[in-house]
> 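Take a look at the following structure, please.
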Amino acid sequence: MNYVSTRDKSVKVTAANAIARGISAEGGLFVPDTFPTFTAEDFDRLQKLDYIGRAKYVLKYFLNDFTDDEIDYCVRGAYTGSFDNGNPAPISVVGKNMNILELWHGPTCAFKDLALQLLPYLLTTSAKKTAAGKKTVILVATSGDTGKAALEGFKDVPDTEIMVFYPSDGVSPMQKLQMDSQKGGNVHVCAIKGNFDDAQTGVKKIFTDNAVKEKLAEHNMQFSSANSINWGRLAPQIVYYVSAYCDLLLRGEDLNDGFNVVVPTGNFGNILAAYYAKKMGVPINKLICASNSNNVLTDFINTGVYDRNRKFFTTISPSMDILISSNLERMLFELSGCDDKAVAVMQAKLSSDGKFSVSEEVKDKMEELFWGGYLDDKQTLDTIGDMFKEYGYLCDTHTAVAVGVYKQYVTKTKDGRPAIIASTASPYKFADSVLSAVTDKKTDSEFGNVRLLSEVTSTDIPEPIKMLENAEVRFKEICDKDKMLDAVYEALKIK
């Protein structure tokens, strides 16, 4: 297996190069040029392994230039002692056919931990193979969860600096506090005046600016990414869908007709990982894409037209407040039969016109694979309340979007297959909104509401959230969206 660029297939690199570089020079994303296919025997073996064992089994196929010892070092380092009860991806069964895949039991209480606890190991190992002696500068744009998970994963990692940009008014108070109080000598955080798309566009622009690359090279530095544009971020997400299938098999579920996967998504990486698991042999029937009011993906799946020229909504599910879904590019590469020229044209149109259309053939393939729906904020709160009243299960504002869209899907299609619903964050990261969905009571402080939510629902406050109450705020910078490069240079002490 090697990796090619979605915009130029003549670019072919190893896994270490793809991870160390993060993005191809012309702006394309790295994808494997071939995928493994798992057999029933593979899944029999996987069922007998714990999560660490399953991760090693899956990732060895994608890390083509890593030794077995290197993979073992990376995976064990990431998943040992970092997650509640040593189980990074447990399943809670809620109601008929709803298997909630809880991906938020790590150090930052969000699904990004499953990838971003591993990425520093993958990246530093890759850097030794490809750019020994250079310092790696990680740039991150975040809609809330990636930022904290990346900061936590990379804090004080030797020969790295990490800088996170987030929209100043586009994250929850808890997400903001998590980032602004981050410890570590090599971490930097800056809010921007704009939304997540502005942050993401700014980071990509910096990445692909040759003059900036040359300036970093003069200081013995190179860029890489911790966003899911980096293959090292995406590959670990495939693991938890493979693992979830194994857990369903162990429980004795009837999966002869497969199962559905429901993912709340804005940047498309999480649901793309489920698609790759399907491509590898996991019997996923339908990939259900759940959006909030920023429903550009829902419209794309239903019409074949991607159009970001629309009103941007700031919602109670801020990690999905995205109109430019970076990882959709990888899916377009797949659907178009790996046509790099077509992908490059579509991405150019998105940049220049804010929209593009796919062919009828690609649209038909997409409709066969995906089903899209969305919830507004009121529907999201109603779903949180209903889930708690009916099942005693408390979910956050993103997971609730997935649950609500799943119910829409079942009502419309009558599909009775089991479903895996990706639960992407702890409800305590969005305590104000979740509290308002289950009670009329409230306090006048963020942590007062956290404690009240615990009291009202008889659920435990995660330790990483408890520890934030008295955390020192280290970062207070806010910059204009066109001044992000200046902020990078200042953080790196480059003139």
Side-chain angles (χ1 to χ4, degrees), residues 1-3 13-25 29-32 55-56 58-60 62-67 69-80 82 106-108 112-142 145-165 182 184-188 203-204 206-207 213 216-217 219-239 269 273 326-327 488 491-492:
M1 180 189 293
N2 284 299
Y3 291 81
V13 300
T14 64
N17 270 286
I19 293 168
R21 289 163 61 177
I23 189 171
S24 188
L29 307 186
F30 289 114
V31 291
K56 289 165 56 177
V58 173
L59 292 172
K60 70 180 179 183
F62 294 104
L63 302 174
N64 60 323
D65 53 347
F66 282 55
T67 67
D69 286 345
E70 285 171 336
I71 294 172
D72 181 74
Y73 161 74
C74 292
V75 173
R76 288 191 185 280
Y79 297 126
T80 301
S82 303
T108 78
K112 308 295 176 72
D113 287 329
L114 281 101
L116 284 164
Q117 285 295 296
L118 180 58
L119 182 59
Y121 290 93
L122 297 179
L123 188 57
T124 51
T125 302
S126 296
K128 288 176 184 176
K129 296 175 182 291
T130 63
K134 283 191 174 183
K135 177 173 282 190
T136 300
V137 178
I138 314 295
L139 290 190
V140 179
T142 184
D145 288 333
T146 291
K148 172 60 179 178
L151 290 163
E152 188 66 25
F154 279 97
K155 70 176 181 185
D156 294 327
V157 171
D159 298 320
T160 67
E161 297 281 339
I162 178 167
M163 182 151 196
V164 169
F165 292 98
Q182 177 65 49
N186 65 334
V187 303
H188 314 276
V203 164
K204 283 186 175 180
I206 294 169
F207 259 117
K213 292 180 194 174
L216 256 69
H219 293 80
N220 204 32
M221 298 177 181
Q222 66 174 14
F223 280 134
S224 191
S225 173
N227 283 95
S228 54
I229 57 175
N230 191 320
W231 179 256
R233 249 289 304 277
L234 194 56
Q237 295 180 255
I238 299 170
V239 174
S326 283
N327 269 291
V488 171
L492 297 178

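Computation of the quantities below employed the complete heavy-atom set of this structure, encompassing side-chain atoms and omitting hydrogens, waters and symmetry-equivalent molecules.
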> If you round to the nearest 0.5 Å, how far is CG of Asn186 from NZ of Lys155?
10.5 Å
> Could you walk me through whether Asn2 and Val13 pass side chain to side chain contact (heavy atoms under 4.5 Å, CB included), step by step?
CA-CA 6 Å; Asn2 284 299; Val13 300; over 6 Å; no
> From Leu492 CG over to His188 NE2, what is the distance, rounded to the nearest 0.5 angstrom?
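One gets 6.0 Å once the value is rounded to the nearest 0.5 Å.
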> Anything under 30° is parallel, anything over 60° is perpendicular, the rest tilted; go ahead and classify Tyr73 against Tyr121.
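Rings of Tyr73 and Tyr121: perpendicular, as their planes differ by over 60°.
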> If you compare all heavy atoms of Asp113 against all heavy atoms of Gly106, which two are closest, and at what distance to 0.1 Å?
OD2-C, 3.3 Å
> Test the Lys56-Tyr79 pair against the cation-pi criterion, namely NZ or CZ under 6.0 angstrom from the six-membered ring centroid and within 45° of the ring axis.
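Judged by the rule (NZ or CZ under 6.0 Å from the ring centre, within 45° of its axis), Lys56 is not positioned above Tyr79.
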> Apply side chain to side chain contact (heavy atoms under 4.5 Å, CB included) to residues Asn230 and Ile19 and explain how you reach the verdict.
CA-CA 6 Å; Asn230 191 320; Ile19 293 168; 4.1 Å; yes
> How many angstroms lie between CG in Leu139 and CD in Glu161, if you round to the nearest 0.5 Å?
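Answer rounded to 0.5 Å: 11.0 Å.
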> Which is it for Leu63 and Glu70 under the side chain to side chain contact (heavy atoms under 4.5 Å, CB included) test, yes or no, and what are the steps along the way?
CA-CA 10 Å; Leu63 302 174; Glu70 285 171 336; over 6 Å; no
> Checking Thr136 against Gln222 for the side chain to side chain contact (heavy atoms under 4.5 Å, CB included) test, could you report, in this order, the C-alpha distance in whole Å, the side-chain angles of both residues, the deciding distance, and whether it holds?
CA-CA 5 Å; Thr136 300; Gln222 66 174 14; 3.9 Å; yes
> Indicate yes or no for a side-chain donor-acceptor contact from Asp65 to the backbone of Ala16 under 3.5 Å, with no hydrogens or angles considered.
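Yes, the answer is positive, given that a donor and an acceptor are paired below the 3.5 Å cut-off.
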> Where do Arg21 and Phe207 come nearest, in terms of heavy atoms and distance?
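Here Arg21 and Phe207 meet closest at O-CE2, 4.4 Å.
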> Flag the pair Leu123 / Ser224 as yes when at least one side-chain heavy-atom distance between them is below 4.5 Å, and no otherwise.
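Sidechains of Ser224 and Leu123: in contact.
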> side-chain contact (heavy atoms from CB on, under 4.5 Å) with Glu152: which of Pro107, Pro120, Ser82?
Pro107
> Show the nearest heavy-atom pair for residues Ser225 and Leu119, with the distance to one decimal.
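The answer is O-CD2, 3.9 Å.
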> Starting from the C-alpha separation in whole Å, work towards a yes-or-no answer on side-chain hydrogen bond (donor to acceptor under 3.5 Å, both in side chains) for Asn17 and Thr130.
CA-CA 6 Å; Asn17 270 286; Thr130 63; 4.9 Å; no
> Give, for atom CZ of Arg233 and atom CG of Leu114, the distance between the pair rounded to the nearest 0.5 Å.
10.5 Å
> Indicate whether the side chain of Lys112 and that of Thr142 have a donor and an acceptor atom separated by less than 3.5 Å.
no
> Indicate the atoms forming the closest heavy-atom contact of Met163 with Ala491, along with that distance.
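Nearest pair, atom of Met163 first, then Ala491: SD-CB, 3.7 Å.
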> Looking only at non-hydrogen atoms, find the nearest pair between Ala55 and Val75 and report the distance.
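Smallest heavy-atom distance, with atoms named: CB-CG1, 3.8 Å.
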> If only atom types and distance count, is the side chain of Asp159 paired as donor or acceptor with the main-chain N or O of Gly133 below 3.5 Å?
no
> What heavy-atom pair brings Tyr3 and Trp231 nearest, and what distance separates the two atoms?
OH-NE1, 3.1 Å
> Between atom OG1 of Thr146 and atom CG of Leu116, what is the distance when rounded to the nearest 0.5 Å?
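Separation between the atoms: 6.0 Å.
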> Give, for atom CG of Leu59 and atom CZ of Phe66, the distance between the pair rounded to the nearest 0.5 Å.
9.5 Å
